[in-house]
Amino acid sequence: EGYMAGVHDAIKGSVLGGLLPGAEAVANKAEFGALMGAMDQYMEVRKFEPKNWRAVGDDVLFNVDWTFVWKETGETVDTSALVRKVLRSGLICEKYHMLDGALIERLTGKAAPHSQAPVERVQALLAEYAAGRPEGYMAGVADDIKTDVLGGLLPGAVGESKEAQI
């Protein structure tokens, strides 16, 4: 009840999309509440440990070390989730608890619901940088990029242009 009081009526997101029915396209507080209430039909959570907290504006980012039993198979799963929550007026209005697509496919036998194309693009750009070709990476950066790359540690790490990052 206390948690749900902090959830916006028009919350949207993906909370374990691909594992739980309808979880990939939450569109309001009622759907979110129903999803949370049904979660224990599919999994028994044994560990849920949030860590690595960071906020950029109203975006809150963190990881969760998670252990759960997938009830359909009885398998105990140890994994990490990527989590993003967006606040508006102090209420959670977007929520994403994302697991690796390969894990979702292994547990359900179905493809993960969200496209991997953006992930593959970023991986390709990072490969350029790692191969000593920063220009290959920068070719994939928008001119009006907003950044916070180790803000507080590196001078100029927070910016709003590609020029500031070069």
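Being a predicted model, the structure only gives us computed values, none of them experimental.
Judged as a salt bridge (Lys or Arg N to Asp or Glu O under 4.0 Å), and not counting sequence neighbours, D100 has no contacts. Residues passing the side chain to side chain donor-acceptor pair (under 3.5 Å) test with Y96 are E94, sequence neighbours excluded. Here S89 pairs with nothing under the side-chain contact (heavy atoms from CB on, under 4.5 Å) rule; sequence neighbours left out. Partners of E44 under the salt bridge (Lys or Arg N to Asp or Glu O under 4.0 Å) rule, at least two apart in sequence or in another chain, are R46. For D58, the salt bridge (Lys or Arg N to Asp or Glu O under 4.0 Å) criterion is met by no residue, not counting sequence neighbours. Evaluation of the side chain to side chain donor-acceptor pair (under 3.5 Å) rule for T67 yields D78 as partners, not counting sequence neighbours. Shown here are the salt bridge (Lys or Arg N to Asp or Glu O under 4.0 Å) partners of E128, two or more places apart in sequence or in another chain: R133. Under the side chain to side chain donor-acceptor pair (under 3.5 Å) criterion, S80 pairs with D65, sequence neighbours left out.
Contact of the M43 side chain with the L16 side chain is registered, since non-hydrogen atoms from C-beta on lie closer than 4.5 Å. Counting only heavy atoms from C-beta outward, the side chains of L82 and F62 never approach each other to under 4.5 Å. When side chains are defined from C-beta on, K51 does not count as touching V64, because their heavy atoms never get closer than 4.5 Å. Within the 4.5 Å cutoff, the side chain of L99 has heavy atoms near those of the T79 side chain. Side chains of V83 and L61 form no contact here, defined as non-hydrogen atoms less than 4.5 Å apart.
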Return all side-chain donor-acceptor pairs below 3.5 angstrom for residues 22-37, not counting sequence neighbours, or 'none' if the list is empty.
residue: N28; atom: OD1; partner: A30; partner atom: N; Å: 3.1
residue: N28; atom: OD1; partner: E31; partner atom: N; Å: 2.8
residue: K29; atom: NZ; partner: M4; partner atom: O; Å: 2.9
residue: K29; atom: NZ; partner: V7; partner atom: O; Å: 3.3
residue: E31; atom: OE1; partner: A27; partner atom: N; Å: 2.9

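Closest approach of L107 to W70, counting heavy atoms only: O-NE1, 3.5 Å.
Pairs passing the ring-ring contact (aromatic ring centres under 6.0 Å, His included) check and including a residue from residues 131-151, sequence neighbours excluded, read Y129-Y137. Here ring-ring contact (aromatic ring centres under 6.0 Å, His included) pairs that include residues 99-123, with residues two or more places apart or in two chains, number zero. Counting only residues at least two apart or in different chains, side-chain hydrogen bond (donor to acceptor under 3.5 Å, both in side chains) contacts with residues 101-113 comprise E75-R106.
Aromatic ring pairs are classed by plane angle as parallel below 30°, tilted from 30° to 60° and perpendicular above 60°; the pair W66 and F48 is perpendicular.
I11 and L91 fall into different hydrophobic clusters, where Ile, Leu, Val, Met, Phe, Trp and Tyr side chains are chained together by heavy-atom contacts under 4.5 Å. Transitive grouping of hydrophobic side chains (ILVMFWY, heavy atoms separated by less than 4.5 Å) brings Y3 and L20 into a common cluster. In this structure, I104 is a member of the same hydrophobic cluster as M39, with clusters built from ILVMFWY side-chain heavy atoms closer than 4.5 Å. Cluster membership check: V60 does not share its hydrophobic cluster with V56, using side-chain heavy-atom separations under 4.5 Å among Ile, Leu, Val, Met, Phe, Trp and Tyr. I92 is connected to V15 through a chain of hydrophobic side-chain contacts under 4.5 Å among Ile, Leu, Val, Met, Phe, Trp and Tyr, so both are in one cluster.
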Checking C93 against K12 for the side-chain contact (heavy atoms from CB on, under 4.5 Å) test, could you report, in this order, the C-alpha distance in whole Å, the side-chain angles of both residues, the deciding distance, and whether it holds? CA-CA 6 Å; C93 62; K12 66 178 186 172; over 6 Å; no

Does H97 form a side-chain contact (heavy atoms from CB on, under 4.5 Å) with K95? I'd like the steps, not just the answer. CA-CA 7 Å; H97 279 236; K95 179 175 175 154; 3.3 Å; yes

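Between the CG atom of L103 and the CE atom of M98 there is a distance of 12.5 Å, given to the nearest 0.5 Å.
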